[in-house]
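The residues of the chain are indexed from 1 along the displayed sequence. These figures come from a predicted structure and were not determined experimentally.
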Amino acid sequence: MAEDSGRFGGFSSGIGEISSGLALILSGEDRKGKTLKTHLVSNCDDIGQQPVERTIEHIFDLPYKSIHSSTNPIDSHLIRSILKKEFGKFQELDCVYSNKDGICILNNGHGSHTVVIDEASICGDIKIFKQPLLVESLAMFTSARANACVWKGKWMYEVILETSGVQQLGWATFSCPFTDHKGVGDAEDSYAFDGRRVTKWNKESERYGQSWVAGDVIGCCIDLDHDEISFYRNGISLGVAFSGIRKMEPGMGYYPAVSLSQGERCDLNFGSRPFKYPIGGFLPLQAPPSLNSLATYLLQCLSRLLELQFVEKAVSTSVEKLRRLKRFSPLEELFYPISNVICEEFVCATDVEAGSTEYIGWGPFVSFLMEAFGMQAPHDYERLDTVLNLFLEHGGSHVIFQHAINALSCSCKTSPLVLMDCPFSGSYSYLALTCHILRREELMVLCWKSPDFEFLLEGFLSRKGPNKQDLQCLMPSVWWPGSCEDVSHEGSMRLTTSALSEAISKIEEMHRELCRLVIEFIPPITPPQLPGSVFRSFLQNLLLKNRNADHNPAPSGVSSNSVIVSLYTVILHFLSEGFGISDICGWMKYYYKKPGVHVGFLHKGGQQSFPLSLFLKNDAQRSDIARLGGSFKHLSKSHPVDDVDREVIRWEEGCVDNEGAQVTHSTRQKPCCCYCSDLEFASVSNDQIRYTAKGSRGHGSSSTERSAHVSAECSTGSLNEEIVDKPSSSDHAEHEFGYRPVQHLRSVPRESQLTTETLMEEELLDAMLLLYHLGLAPSFKQAAYYMSHQSQSISLLEDTDKQIKDKSSSEQVKRLKEARNVYREELVDCVRQCAWYRISLFARWKLRGMYATCMWIVQFLLVLSKEDSLFVYIPEFYLEALVDCFHALRRSDPPFVPSTIFIQQGLGPFVTFVVTHFNDPRISSADLRDLLLQSISVLVQFKDYLVAFESNEAAVRCMPRALLSAFDNRSWILVTNILLRLCKGSGFGLSKHGESSSSDLFQNLLREACMHDKVLLSAFLNRLFNTLSWTMTEFSVSVREMQEKYQFVLQGLEVQQRKCSVIFDLSCNLARVLEFCTREIPEAFLSGSDTNLRRLTELIVFILNHITSTVDTEFFDMPIRRHSQPVEKINRAMILSPLVGIFLNLLDTSVDLEYGEPNDVLGVFASMDCAATVHSGLQYLLDYNWGGFLRSGDASLEKVGQLEKFSSLLRSRTDIGESDKLRFTAETEEDDNQCCICYACDADAQFEPCSHRSCFGCISRHLLNCQRCFFCNATVMRVLRSDWKTS
């Protein structure tokens, strides 16, 4: 028998070590002050035999010697006669609540004592999600009242939150109106609490309480003796919310009432079940069943009987203890008749009164089971088995067990982590009890047959998260790098996070055990099913109802995020670390077996395969999933695939990698998932020891050990034992697994029809990716936000501390200290949030599994990308999950592996995929292409990652041209950021020293791409000119709007200032890209047609005009300055410096005769109509204080002098041009052949077929953006020059 420990609850007391015999020591508290009871501690020194009557008196808690000696045997008749006498004591409780004053329950078909939602009061649309009172709002705003009102006394009801959105819970009178926009708390005699907005409502809102989370239990209490309403969160008072509420007449009191936004769910408990957190002095609206006390008494009797049985079996060598204990009669002859009668009477009692089975099953019975099992490990499995055997002998116990399973599922949702209970905290104990119960086939079948089976399973997989106040309790001490907190806080926080990590690990272990039981379960139906069919059905239905959970509003009935995360974690562990169970009927195709070792599907080497039917079949489960090529209906017509049931794609691991960079599970160098970076992944002994918790009967090894198994298996290359006849990678020489051309992938028929009915690892992988997309991706984004915010908060706090030291004014210091307190509070909250995400998301085995998933999926996508007809069918969430998972690994804290290893082994295939598909027309979703482009934008800002791009063959071959092509109306911001980072450090006022990202290789590649494709270059420059012109116009308008608002109102300027800052940054970035083009591709401006040069000149003058025309210089600089950034970093030089760089690039290239006779730069500038603006702009550049912007020793400062020479030449050329213009005007007054657009050239070209004429330069420029005549809007078919040659 498992080692025992102290019992919890109201059924038994602590047990000391004892010897054989029947004895028990009870403390005085157990007698509860009663007199004339059995005295269990003997003063006698002799060990005598006590009569059996004393044993029975103890079991049934009878007075001492109340049972007289008898020669009759102890049988069921005697036990029933004893119980019959005791039952009379509980009959007086029958009418306790029927005589309660101050409450009225309306009988609306459910009985005069049952409290439910009054259907007549519903405004909106409420769905009973699960009986009896789990409700969901289907309308935008739904309100309803219960059928009970109170006007005197102290009453309460509980609400279990299934979701954590906008809900208004409280009390309202019958006269309070409910509408589509007004609910509980929006009228005079209506009071509500909303934890989403942390407010209380009574006509007006006011700050109150705490934020709530899914799984919280909200107690709604009304004290009509003191005219107060208060609310409780998980049994903790939030304070009096409303006082002095109006007294009501009998029959006209306050009704429990709720208002729910669309999609919000809650479980109302008016008293039909025991409260999770009963509040002293407050009564439930619905009275508990009168037989509850009787049922509790019977369970207490059974508990004492079990204790006696335990004592008799215990062994002790202490003779002194034996001499101090009173002995009872041996229990062997008493146990069965007594226990049988108790169980029989208990089952009968629960079935007498309507509703009593539910109440007793949720309350006393579950408490009794937990008492027998033990809240903390090691658990008493033998005692629990005894209890299960006793009750299962009575067929009527199935109903009570069904309610008990419901109660355990609910408890998993509502149980919070408690630091002092770690590691066996939260839902662990309920999960451990449930797993042991469901190992009984009879009870598993009972649970499976329940109409709420899947709902129950989701409840078991739920895990309650913490809010801000919960985190304060879980992590009372916080510390961060550079913290000035008490030095002891660092160690305290480390211990705290370690304890919480272990607690979560225990819960996750129980989740896996529960799912293994469901997978192993074979339902008793015809035709016979294989193991895994029930789990597959549950998984498919869960995915089906959550498929659009990321939409707004979400569909009805979506699962809690914690359920999705838990199920994802379970499947990830199965696929990465192994199932931890023996093969069942050969259902796991790729499950590796080795004594004591389990290697997951994701870590197998050699040949990989995937059944394409998972996303080629047209079934209800998958047909509505968005695919890369569009909708399934569209693809089935445009890309039909025949015989989808027989398609299995196969490829060799690493076949898509470059030969020199190939790292697989079969090569000498192993992937990151097998990288041994610390002692956890040190050498593993050949004799593996499976870890099993003391007292646990689970058969799953721990995460740490199985991780070591994975590492050891991969490092020794022993993945050679497969269940199904498939070639193994370890049977071949290493050189055979070098680079394989893609044509080696094969589509082959399935082995047999049986595999279509078995649960496959690929099927789990497919489901896991969708679960990641729905549940994990938002969590990782939130974690990234908090980690980024933590870094910013630390910097802000350090800057404030520095300012406090530098300031001498007491008033300034006071304000800074007040600000510091606010910053510190935000930082402490951020530190706790980051710690929580590290604990719950960034476990090492999870990161290893995520990495293996990324590599598996990216190879799969690259393989299928060679097959157009198959690639377009891939679900979009495959790509989304891949990208998000990769970046989650990149941002992981602490790092998954050293960055150098991650870059060398993990970045290559990912880079290959993103650079070859961010502009892939087969991907119909522009959002997905932007997602890939965003990945490139993020990665190239890091020097180490940029080196990986430079060494990637696909990136070198494809990325430059694809970037220039992708610069369009949608993706120009991302492309601009990438180009800017590739060219960083090479412009005016920039130095390569210290820059985070620049690439000479890609700069040369971009230049070559432009030089070899004039059409591409022309289109790119046209879009660049247009975009920069638009951003500068928007910036100018935004500044003007802000200036107008500043004159009249000072509030609301922050958004406008942020807009100005963003647009200004974009303009600066575009100007830098244009500067790069003038330096690397001067031919585009100085050779051939001067269209680009003229547009460049116009743009420069346009920008200078906008910048120099602002009267208030200080006001111009204000909107572009971001919060906490100094003036010297954000100023006009950011936009002026690239303009200077453009001037210098044009001047430097103008004297280079390599390209022949260049276009006349001076002449183009001199031909501008706004000569004064051009000269004033150049002078502004010359007079600007560049010394405050450029770094000391920057060679750019010396080049500014070239502008002065250019300015002088331009003035001379302008003067000459003015004289020539006057003479030309006089000569051509009678000339009708002048271009009416620019009035500078002859109209030497005409549109066809409309024959309107203009100069060829104006026509060419116009046709870059529009193919219609700018006179008559006719479609232009061709352009004829004056020599009648078609252009």
Side-chain angles (χ1 to χ4, degrees), residues 572 575-576 590 599-612 614-615 628 647-667 669-674 714 719 726-729 736-748 760-762 764-766 768-769 772 848-868 870-871 873-875 877-887 889 902-917 920 922-923 932 935 948 952-955:
L572 178 66
L575 296 181
S576 178
Y590 308 123
V599 177
F601 163 78
L602 294 172
H603 299 285
K604 74 182 187 70
Q607 192 177 78
Q608 313 286 342
S609 66
F610 191 87
L612 298 179
L614 283 179
F615 48 78
L628 295 185
E647 287 291 325
V648 175
I649 201 80
R650 298 191 189 278
W651 70 95
E652 293 294 336
E653 182 190 16
C655 69
V656 296
D657 297 336
N658 295 331
E659 185 172 2
Q662 186 188 42
V663 177
T664 70
H665 291 83
S666 305
T667 56
Q669 185 181 8
K670 302 303 172 186
C672 292
C673 52
C674 307
C714 293
L719 308 183
K726 271 185 71 177
S728 171
S729 60
E736 292 180 307
F737 294 92
Y739 175 76
R740 296 291 185 92
V742 178
Q743 55 263 30
H744 284 188
L745 67 91
R746 305 186 301 279
S747 295
V748 298
M760 301 173 293
E761 281 94 340
E762 298 93 339
L764 293 178
L765 176 63
D766 175 81
M768 186 182 75
L769 292 176
Y772 182 95
R848 179 172 49 255
M850 288 169 60
Y851 173 83
T853 302
C854 280
M855 294 303 100
W856 205 101
I857 294 301
V858 76
Q859 290 194 53
F860 173 64
L861 292 178
L862 285 171
V863 166
L864 281 194
S865 67
K866 308 301 179 182
E867 299 284 339
D868 290 349
L870 300 178
F871 181 75
Y873 278 94
I874 297 175
F877 67 80
Y878 273 56
L879 194 151
E880 292 169 333
L882 167 66
V883 173
D884 190 272
C885 188
F886 178 86
H887 288 291
L889 284 170
F902 182 72
I903 291 171
Q904 291 173 5
Q905 299 183 14
L907 199 59
F910 183 79
V911 168
T912 300
F913 181 78
V914 295
V915 299
T916 53
H917 292 85
D920 190 341
R922 295 177 299 176
I923 301 178
L932 299 178
S935 293
N952 186 278
E953 179 184 345

- [ ] Measure the CD-CD distance between E653 and Q607 for me, rounded to the nearest 0.5 Å.
- [x] 11.5 Å
TODO: Side-chain contact test, heavy atoms from C-beta onward, threshold under 4.5 Å: evaluate it for T916 versus S865 and give yes or no.
DONE: no
Task: Validation row: Y772, E880 side chains within 4.5 angstrom (heavy atoms) - done: no
Task: Distance, nearest 0.5 Å, that separates CG of L882 from CZ of F877 - done: 12.5 Å
Open item on the list: Looking at every heavy atom in both L907 and A948, which two are closest together, and how far apart are they?
Closed with: CD2-CB, 3.2 Å
Task: Interatomic spacing from CG in L628 to CZ in R922 - rounded to 0.5 Å - done: 9.0 Å
TODO: Taking R848 for its side chain and S576 for its backbone only, find out whether a donor-acceptor pair lies under 3.5 Å.
DONE: no
Task: L879 and its side chain to side chain contact (heavy atoms under 4.5 Å, CB included) partner, picked from L769, V914, D884, L932 - done: L932
Open item on the list: Under the criterion side-chain contact (heavy atoms from CB on, under 4.5 Å), I'd like the reasoning laid out for F871 against D920: C-alpha separation, chi angles, the key distance, then a yes or no.
Closed with: CA-CA 11 Å; F871 181 75; D920 190 341; 3.9 Å; yes
Task: Distance in Å, L862 CG paired with F910 CZ, rounded so as to fall on 0.5 Å steps - done: 11.0 Å
- [ ] Return the minimal non-hydrogen interatomic distance between T912 and A954, and the atom names on each side.
- [x] CG2-CB, 3.9 Å
TODO: Looking only at non-hydrogen atoms, find the nearest pair between F615 and L870 and report the distance.
DONE: CE1-O, 4.4 Å
- [ ] For residues S935 and F886, determine if any side-chain heavy atom of one lies less than 4.5 Å from a side-chain heavy atom of the other.
- [x] no
Open item on the list: Is any side-chain heavy atom of L575 closer than 4.5 Å to one of E761?
Closed with: yes
TODO: Taking the side chain as every heavy atom from C-beta outward, state whether I649 and S609 have any atom pair closer than 4.5 Å.
DONE: no
TODO: Could you label the plane-to-plane angle of the H917 and F913 rings as parallel, tilted or perpendicular, counting under 30° as parallel and over 60° as perpendicular?
DONE: parallel
- [ ] Return the minimal non-hydrogen interatomic distance between T853 and M768, and the atom names on each side.
- [x] OG1-CE, 3.5 Å
Open item on the list: Please give me the minimum heavy-atom distance between L889 and C854, naming the atom from each residue.
Closed with: CD1-SG, 4.1 Å
Open item on the list: Show the nearest heavy-atom pair for residues G908 and N952, with the distance to one decimal.
Closed with: O-ND2, 3.3 Å
- [ ] Please work out which of the three classes, parallel, tilted or perpendicular, describes the rings of Y878 and F610, given edges at 30° and 60°.
- [x] perpendicular
